[in-house]
Asks: 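Dumping the structure here so I can ask a few things about it.
FYI, side chains are in, hydrogens and waters are out, and symmetry mates aren't considered; it's all heavy atoms of this structure.
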Amino acid sequence: MFLVANTRQLNLQNKRLEDYLGDDAKGCEARVIPLKLGYREKFWHKNCVAIGMSGGFVEPLEASAIFLFDAAANMLADQMPASREHMLYVENKFNRSFTMRMERTIEFIKLHYCISDRRDTAYWQDNCDLNSIPVNLQENLKVWKTRPPTRYDFEQAWEPFNLDSYLYVLYGLEFDTKIESSHPLIVDEHLAAKKMTAVAELSEKLVKHLPSHRDLLKKVQLHGFTRI
């Protein structure tokens, strides 16, 4: 789970915000939005089911609560028993499923932090601390240093984040994987190398010609979004 910023960290963040805003910060007060992070020991208990924020919340990085809300509503509708005698069976199924989904959600969001190279603030240092990284994620990362992830690393059909999700984050953050042992599994190595070169060339071109994030936001502020 994630460590909440302490008072000193909050004061530092407020100072950084004030310095960034300059004169526009005068007379403004930064609001702290408290987040109660975690998930319930039981999502379904007798005739009550906790769905969405009432069941658990990690943090807004991946907007995972939207997916989990939809998944819980679907499972409740699909598995609602026809009689009371089967209620406990469905309750247990639901609780096991959403405990797994919450644990996998925490692992995936934690991935964004623990493989980054940022250590510039206490917030990043705390979230990259080995003791704060789930054991299952630690084990996966050790293996993925020796070979790319495969679909066999994701055991549950209902995991909220699958192979593709992990590949985007891992290699988007330049995670180092040794692929020598995987060479026999690569059907067309030359084609793969050609496509990787094309991706690198396109990325370089886009970086040169596309506006920076700040310039884009200023343009949107002045002119709004283009209507589709």
Side-chain angles (χ1 to χ4, degrees), residues 2 13 16 20 58-67 101 103-130 132-228:
F2 297 92
Q13 293 299 328
R16 290 179 64 186
Y20 175 77
V58 182
E59 57 114 79
L61 182 65
E62 283 286 347
S64 55
I66 298 174
F67 166 79
R101 295 185 204 221
E103 289 175 350
R104 295 296 180 267
T105 297
I106 291 170
E107 289 176 18
F108 182 65
I109 293 179
K110 194 67 172 178
L111 174 72
H112 293 69
Y113 292 93
C114 67
I115 65 170
S116 74
D117 57 5
R118 283 194 63 174
R119 301 293 186 275
D120 54 331
T121 65
Y123 177 82
W124 284 89
Q125 293 165 14
D126 290 344
N127 279 288
C128 296
D129 187 289
L130 186 64
S132 73
I133 303 173
V135 173
N136 188 61
L137 178 59
Q138 290 186 44
E139 293 175 348
N140 283 338
L141 289 173
K142 286 180 182 178
V143 173
W144 293 340
K145 282 185 176 295
T146 66
R147 63 157 175 81
T150 73
R151 64 182 185 275
Y152 299 109
D153 295 319
F154 303 88
E155 302 167 359
Q156 300 287 342
W158 301 110
E159 290 196 24
F161 299 98
N162 57 21
L163 173 62
D164 290 341
S165 299
Y166 273 80
L167 292 176
Y168 293 139
V169 177
L170 284 166
Y171 301 116
L173 289 174
E174 300 181 350
F175 183 76
D176 186 23
T177 297
K178 310 299 182 188
I179 63 171
E180 288 78 6
S181 62
S182 301
H183 278 174
L185 302 176
I186 300 176
V187 178
D188 197 330
E189 185 175 350
H190 297 294
L191 178 60
K194 185 177 179 180
K195 288 186 176 296
M196 291 298 293
T197 300
V199 169
E201 291 174 350
L202 178 60
S203 298
E204 186 177 354
K205 182 186 294 185
L206 292 175
V207 169
K208 287 181 179 179
H209 295 288
L210 288 176
S212 68
H213 192 195
R214 174 53 56 190
D215 290 339
L216 179 60
L217 290 176
K218 287 181 178 178
K219 185 176 180 180
V220 171
Q221 183 183 25
L222 290 173
H223 306 291
F225 289 103
T226 303
R227 293 185 178 277
I228 299 176

Asks: Among all residues two or more places apart in sequence or in another chain, which pass the ring pair (Phe, Tyr, Trp, His ring centres under 6.0 Å) test with Trp158?
Replies: none

Asks: Give a yes or no on whether Leu210 atom CG has more than 12 heavy-atom contacts from other residues, nucleotides or ligands under 6.0 Å away.
Replies: yes

Asks: Please find the pair of heavy atoms, one from Cys114 and one from Arg119, that lie closest to each other, and give the distance.
Replies: O-NH2, 4.1 Å

Asks: Got a donor-acceptor contact below 3.5 angstrom from the Lys110 side chain to the Asn127 backbone?
Replies: yes

Asks: Donor-acceptor check, side chain of Glu107 to backbone of Pro134, threshold 3.5 angstrom: yes or no?
Replies: no

Asks: Can you confirm whether more than 12 heavy atoms, excluding those of Arg118, are under 6.0 Å from its CZ atom?
Replies: yes

Asks: Quick one: list whatever passes ring pair (Phe, Tyr, Trp, His ring centres under 6.0 Å) with Tyr171, sequence neighbours left out.
Replies: none

Asks: Would the distance check show the side chain of Asp153 and the main-chain N or O of Thr150 forming a donor-acceptor pair, the cut-off being under 3.5 Å?
Replies: yes

Asks: If you compare all heavy atoms of Ile133 against all heavy atoms of Asp129, which two are closest, and at what distance to 0.1 Å?
Replies: CG1-O, 3.5 Å

Asks: Please name the pair of heavy atoms, one in Leu137 and one in Leu111, separated by the smallest distance, quoted to 0.1 Å.
Replies: CD2-N, 3.9 Å

Asks: Verify the ring-centre separation between Tyr166 and Phe161: is it less than 6.0 angstrom?
Replies: no

Asks: Shortest non-hydrogen contact from Arg147 to Thr177?
Replies: C-CG2, 3.3 Å

Asks: Can you give me the closest heavy-atom contact between Arg101 and Thr105, atom names plus distance?
Replies: O-OG1, 2.8 Å

Asks: Under a 4.5 Å cut-off applied to non-hydrogen side-chain atoms, are Pro160 and Phe108 in contact?
Replies: no

Asks: Can you check whether Leu173 reaches Asp117 side chain to side chain, under 4.5 Å on heavy atoms?
Replies: no

Asks: Kindly indicate whether the side chain of Arg104, heavy atoms from C-beta on, has any atom under 4.5 Å from the side chain of Asn136.
Replies: yes

Asks: Scan residues 193-213 for pairs that pass side chain to side chain donor-acceptor pair (under 3.5 Å), counting only residues two or more places apart or in two chains.
Replies: Ser212-Asp215

